[in-house]
Protein chains: 2
Amino acid sequence: MSTFCKFETALEILVGKWKPVILLRLFSNGTMRFSELQKAIPEITKKMLTQQLRELEYHDIVHREIYRQIPPKVEYSITEYGKGMEPILQALNDWGVAHIEHLNELYGPNHSVEPHTNDAMDE
Amino acid sequence: MSTFCKFETALEILVGKWKPVILLRLFSNGTMRFSELQKAIPEITKKMLTQQLRELEYHDIVHREIYRQIPPKVEYSITEYGKGMEPILQALNDWGVAHIEHLNELYGPNHSVEPHTNDAMDE
DNA sequence: GCCTTAGGTTTCTTTTTGTATACTACGTTT
DNA sequence: AAACGTAGTATACAAAAAGAAACCTAAGGC
C-alpha cells in the first residue's frame, strides 16, 4: 500500500526557490558563513536565506556552527547525513540536463521551460 | 562550469502540490480518464488537475488522448519518454522513506515533517 | 425545451511565498 | 562618542500559487 508513495517527503526538502542553489553552494564550497552565502547568492534576502537554512538544518542536511563572538560568526556545512543526498541530487541534475535537451528537440532551441499560461499570449 | 547546476529543471516538473500524486496514479494505474483521476484524488479541483496535467503534457511526460464524443472523453497516460522518469522517482521515493525513518530517530515518532515556524508555539 | 454528462474555463477569494526596509546586540575601530 | 560589522528578527507589503464555485459546450434522453 505504501510503496512508491513518499517521494513527496523528499521533494519537500528540495523545493522552494532557494534550497537547490543553497545546497549547490554548500556542496561545492564546503563550509560557508552566512555572509559568504549572501555574497554567493546576491538575489536572496536575509529572511529567505535564514528560513531555508533553518529548514535544511531541521532535516539534518546542513549543520549550523555558532561561534560566540562579536561580531557574530556562523558557519554552515553539509552534514554527514546530508552528504548522502549527493547521488540523488546528481541523478536529478543529470535528468534535468537531458530533459532540456529533450525539450529542445520537441520545441526547438528557443523555447521557454514553462508552458505558456493562458495569459500574455500575444494579447 | 555547468555540471551539477540544473536539477532545478528537474524539480520544476515534480513540484507543485499535485504533480507527484498525479504521476503516482498514472504510473500505477496506466491509462486514466480525467474523471477517474478526479475520483482517485478527491481533494484536487478541476482547475488544478487540468493545469498540472497540461504542464506534464508540455514536458512530454503524459499523453492526452481526446475522443471526439459527446459527452467528451479524454484519457491520460505516461508517455514512453515519461517512463524514463520511473527510476528517479523510485530513487526519490526510497530516499523519502529512509528520511522519514531518519527524522523519527532524531525527533521521535510523533514529529511533524515541517519544522515549526515561529507562530503557533503552544500559545 | 429542459436535464444530464464529461471535461473543461472563468472569475473571485484566500493562502502561501517572497521582497524591502528597519532594527538589535555588542565589541572594535575611527 | 559615533560608526562599523555580523547574523540575524520584525514588520509591512507585493506577488504568486492554490482553492471554491459558477459557468460553458454539445448531443442524447425524457
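First the proteins, then the strands, lettered A, B, ... as listed; each starts at 1. The shown structure was predicted, so the numbers you read here are calculated from the model rather than taken from an experiment.
- The distance from atom CD1 of A:Ile66 to atom C1' of D:dG8 is 11 Å, rounded to the nearest whole Å.
- Put simply, the side chain of B:Trp95 does not reach to within 4.5 Å of the side chain of B:His102, judged on heavy atoms.
- With rounding to whole Å, A:Lys73 atom NZ is found 12 Å from D:dT6 atom P.
- Contact annotation: A:Arg33 does not reach the phosphate of D:dT6 (side-chain N/O to OP1 or OP2, under 4.0 Å).
- Within the 4.0 angstrom heavy-atom criterion, no nucleotide atom of any strand lies near B:Arg68.
- Donor-acceptor pairing under 3.5 Å is recorded for the side chains of A:Tyr81 and B:His99.
- Using a cutoff of 4.0 Å between basic side-chain nitrogens and carboxylate oxygens, A:Lys83 and A:Glu80 are scored as salt-bridged.
- Counting to the nearest Å, the P atom of C:dG8 and the OH atom of B:Tyr67 are 13 Å from each other.
- Taking side-chain N and O atoms only, A:Arg54 has no distance below 4.0 Å to OP1 or OP2 of D:dA7.
- A:Asn93 has its side chain out of reach of A:Leu89: every pair of non-hydrogen atoms, C-beta onward, lies at least 4.5 Å apart.
- Rounded to an integer number of Å, the gap from A:Met32 CE to D:dT6 P is 14 Å.
- Between the CZ atom of B:Phe34 and the P atom of D:dC24 there is a distance of 18 Å, given to the nearest Å.
- Under 4.0 Å is where a charged nitrogen must lie from a carboxylate oxygen, and between B:Glu36 and B:Lys39 no such pair does.
- Looking at which nucleotide of DNA chain D each of A:Ile70 and A:Leu53 is closest to, the 5′-most match is held by A:Ile70.
- Between A:Tyr76 and A:Phe34, the ring-plane angle classifies as tilted under the 30° and 60° cut-offs.
- Following rounding to the nearest Å, B:Leu49 (CG) and D:dA20 (C1') show an atom-to-atom distance of 15 Å.
- A:Tyr76 comes within 4.0 angstrom of sugar-phosphate atoms only, judged by non-hydrogen atoms across all strands, and of no base.
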So which protein N/O to nucleotides 13-22 of chain C N/O distances come out below 3.5 Å?
| from | atom 1 | to | atom 2 | distance (Å) |
| --- | --- | --- | --- | --- |
| C:dG18 | OP1 | A:Lys17 | N | 3.3 |
| C:dT19 | OP1 | A:Lys17 | NZ | 3.4 |
| C:dT19 | O4 | A:Lys47 | NZ | 2.7 |

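- Whole-Å rounding puts the A:Glu75 CD to D:dT6 P distance at 14 Å.
- Closest approach of A:His63 to A:Thr79, counting heavy atoms only: N-CG2, 3.7 Å.
- The separation between A:Arg64 atom CZ and D:dA7 atom C1' is 8 Å, rounded to whole Å.
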